[in-house]
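Structure record follows, encoded as structure tokens.
Read the numbers this way: they start at 1 and go in the same order the structure lists the ligands and their atoms. Since the structure is predicted, the reported quantities are computational estimates derived from the model, not experimental observations.
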Amino acid sequence: MTPVPPIAAERLPELLRRMPKAELHIHIEGSLEPELIFEMARRNRVALPYASVEELRRAYAFTNLQSFLDIYYAGASVLITERDFHDMAWAYLQKARADNVLHAEIFFDPQTHTARGVAMETVLNGLHQACVRAQADLGLSASLILCFLRHLSEAEAFETLEAALPLRDKFIGVGLDSSEVGHPPEKFARVFARCRELGLHLVAHAGEEGPPAYVWTALDLLKVERIDHGVQSTKDAQLMRRLAQDRIPLTVCPLSNLKLCVFPALGQHNLRELLDAGLVATVNSDDPAYFGGYLNDNFTQTFAATGLSAQQAWQLAANSFEASFIGADAKRRYRDQLDAAFAAFA
Ligand code: ADE
Ligand code: ZN
């Protein structure tokens, strides 16, 4: 740990914005802003059940994960062409760069698109083109993680994997998302075992709304390397010790947790508890177009509400690079950039 001198509270938002960071939990379909949804609906002649951007935004009043997912899948129905997937990812990557994100690992949900007749190749080619462009034009490294929808069957997950394998060089790993409660990780144990044999990185959403037991089975049966969300883990002291000892990162998404009513207020979020227990916690945006903010909004609003310090800002940024799936050399370089940014700010 690099010791960070205290910084006046009024300078903390600027430090949070300026510090280099990685984003490890962003669903690219959740970055689709209402304006882009309407633009794509127009150019692809897709009918939307909302009359205007304003009406759509007014519908973003969620009570739990499922109430969000219903609207999120409807929004994704406008994505048809390779250009659409490129434009969506490119819009996110530009925003990420403006937030001083140096590296992003981006989730995508192919089944949301293949179920509507969009080819896997269309999805992956469009997203991958945007990632290549981000490296060339923005100096931002970005890679893709394919998520299986857990409310669908194991057989459908296997079919999705088969369809993606000819494009294996365009994604680095697999994840598990969608409706959590009632769809425990063990439903996908055989799919994840196959992905592990294929050398893919493994992550899973667990302990967002679901119980600590789902975090245990994601670790022990799916053998994931990171847990997405995982905030329910604080209810299980033995699990907290396991996460700390094995340095299993949690990709925490504070504004998502607030908007989906996982916590009643940002000031009651347990991020501090996770850090104090020595966990490799990170801050991420999840679905920024739906939850009212991109990565820096998550940092600044959470710090304002919980009173976290500059030392904890450094820790969260350092954790984001440690938890990423980049090589040891790149991790060292990013860590040096992080220390240089803090030294320049002090
Ligand atoms: N898909 C997009 N956002 C998600 C979330 N927060 N939890 C589960 N699935 C998701
Ligand atoms: Zn998520």
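- Contact between Ile326 and Lys331 at its shortest, heavy atoms only, is O-CE, 3.4 Å.
- No heavy atom of Phe107 sits closer than 4.0 Å to any atom of ligand 1.
- When NE2 of His25 and OD1 of Asp286 are joined through the Zn ion (ligand 2), the resulting angle is 80° to the nearest 10°.
- Remark: minimum distance from atom 3 (N) of ligand 1 to any protein heavy atom is reached at Asp287 OD2, 2.7 Å.
- With respect to the Zn ion (ligand 2), His205 has NE2 as its nearest N, O or S atom.
- Which parts of ligand 1 touch Phe68 is read off a 4.0 Å heavy-atom cut-off, strictly below it: atoms 2 (C), 3 (N).
- Residues Arg42 and Glu39 are paired through a salt bridge, judged by an N-O separation under 4.0 Å between the basic side chain and the carboxylate.
- For atom 9 (N) of ligand 1, the choice among Gly175, Ser178, Gly210 with the nearest heavy atom turns out to be Ser178.
- Residues Leu102 and Lys21 are not in side-chain contact: their nearest non-hydrogen atoms beyond the backbone lie 4.5 Å or more apart.
- Taking the six-membered ring where the residue is Trp, the centroids of Phe188 and Phe192 are separated by 6.0 Å or more.
- Using a 4.0 Å heavy-atom cutoff, Asp109 is absent from the residues neighbouring ligand 1.
- Taking the N/O/S atoms of His27 in turn, the shortest distance to the Zn ion (ligand 2) belongs to NE2.
- Atom 5 (C) of ligand 1 has its nearest heavy-atom neighbour, among Glu208, Glu209, Lys259, in Glu208.
- Of the protein's non-hydrogen atoms, His27 NE2, 3.6 Å is the one closest to atom 4 (C) of ligand 1.
- At least one heavy atom of His229 sits less than 4.0 Å from an atom of ligand 1.
- Nearest approach of Ala89 to Ala130, heavy atoms of both residues: CB-CB, 3.5 Å.
- When ring centroids are compared, His205 and His25 come within the 6.0 Å threshold.
- No side-chain donor-acceptor contact under 3.5 Å links Asp287 to the backbone of Tyr290.
- Each of the atoms 3 (N), 5 (C), 6 (N) of ligand 1 lies under 4.0 Å from some heavy atom of Asp286.
- Remark: Arg226 qualifies as a cation-pi partner of Phe325 under the 6.0 Å distance and 45° angle criteria applied to the six-membered ring.
- Contacts with ligand 1 closer than 4.0 Å are made by no heavy atom of Glu29, backbone or side chain.
- The ring of Phe68 has its center closer than 6.0 angstrom to the ring center of Phe291.
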